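First the structure, in the form of structure tokens, and then the observations on it.
Residue numbers run from 1 in the order of the sequence given. For clarity, every value in this text was computed on a predicted model and none was experimentally measured.
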Amino acid sequence: MASPSRVEVLTLFRSLLRTAREFPDYNVREYTKRRTIDGFRQNKDLSDPSKVTAAFSDGRSQLEVAKRQAVVYSLYAPKVKSVMELNQ
């Protein structure tokens with residue numbers, strides 16, 4: 001696989017953030033968002049094409065896991081909102 005383009009990387013980043021918004025639980029939603037941002041910041045200086053490709057494929061697999069988990073969490077969503085969500 002060739003090294004992903006900047007557009008592909010940004011698309012992956014946005015997809016992960018969109019998927020994070022689908023979690024009904026505030027804590028899981030914020031954790032997913034924070035982990036996404038931290039992961040991309042940690043890998044922003046990668047220059048070796050093989051490492052970039054590996055990080056990109058790991059990100060894609062994490063996206064698939066997050067999508068599946070968002071569906072599962074939506075099936076068992078808590079009936080009451082978190083205190084953090086009441087102020088919104």
Side-chain angles (χ1 to χ4, degrees):
M1 178 178 184
S3 184
S5 68
R6 178 176 170 81
V7 172
E8 290 174 319
V9 172
L10 289 174
T11 301
L12 176 63
F13 180 71
R14 285 191 296 267
S15 296
L16 282 162
L17 289 179
R18 275 190 215 108
T19 302
R21 281 188 272 172
E22 294 176 12
F23 284 99
D25 183 24
Y26 173 82
N27 292 322
V28 176
R29 190 170 51 242
E30 290 300 311
Y31 170 76
T32 306
K33 186 173 108 177
R34 186 176 61 247
R35 182 164 172 181
T36 297
I37 292 169
D38 290 346
F40 274 81
R41 281 187 184 148
Q42 178 183 357
N43 292 322
K44 75 177 182 177
D45 295 326
L46 289 180
S47 58
D48 182 24
S50 63
K51 289 183 180 179
V52 171
T53 303
F56 184 75
S57 65
D58 183 50
R60 288 183 62 168
S61 66
Q62 292 295 326
L63 175 62
E64 294 306 315
V65 169
K67 284 181 179 180
R68 285 193 304 269
Q69 289 293 38
V71 171
V72 171
Y73 271 82
S74 68
L75 294 174
Y76 302 103
K79 304 273 188 267
V80 248
K81 288 190 172 192
S82 167
V83 173
M84 298 299 291
E85 295 174 309
L86 293 177
N87 296 333
Q88 295 177 357

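To the nearest 0.5 Å, the span separating CG on Leu12 from CD on Gln62 amounts to 10.0 Å. The distance from atom OG1 of Thr19 to atom CZ of Arg68, rounded to the nearest 0.5 Å, is 12.0 Å. How far CG of Asp45 is from NZ of Lys51: 12.0 Å, rounded to the nearest 0.5 Å. For the atom pair CG (Leu10) and OG (Ser15), the distance works out to 10.5 Å, reported to the nearest 0.5 Å.
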* Asked: Step by step, would you call Val71 with Lys67 a side chain to side chain contact (heavy atoms under 4.5 Å, CB included)?
  -> CA-CA 7 Å; Val71 171; Lys67 284 181 179 180; over 6 Å; no

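In plain terms, the two heavy atoms of Val52 and Ser3 that are nearest each other are CG1-OG, 3.7 Å. Closest of all the heavy-atom pairs between Glu8 and Phe56 is O-CE1, 3.6 Å. Residues Ala2 and Thr53 come closest through the heavy atom pair O-OG1, 4.0 Å.
Following chains of ILVMFWY side-chain contacts shorter than 4.5 Å, one can reach Phe13 starting from Leu63, so the two form part of one hydrophobic cluster.
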Got a list of side-chain donor-acceptor pairs under 3.5 Å for residues 32-41, not counting sequence neighbours?
{"from": "Thr32", "atom 1": "OG1", "to": "Val28", "atom 2": "O", "distance (Å)": "2.8"}
{"from": "Arg35", "atom 1": "NH1", "to": "Tyr31", "atom 2": "OH", "distance (Å)": "3.4"}
{"from": "Thr36", "atom 1": "OG1", "to": "Thr32", "atom 2": "O", "distance (Å)": "2.8"}

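Formation of a donor-acceptor pair under 3.5 Å by the Arg29 side chain with backbone atoms of Phe23 is found in this model.
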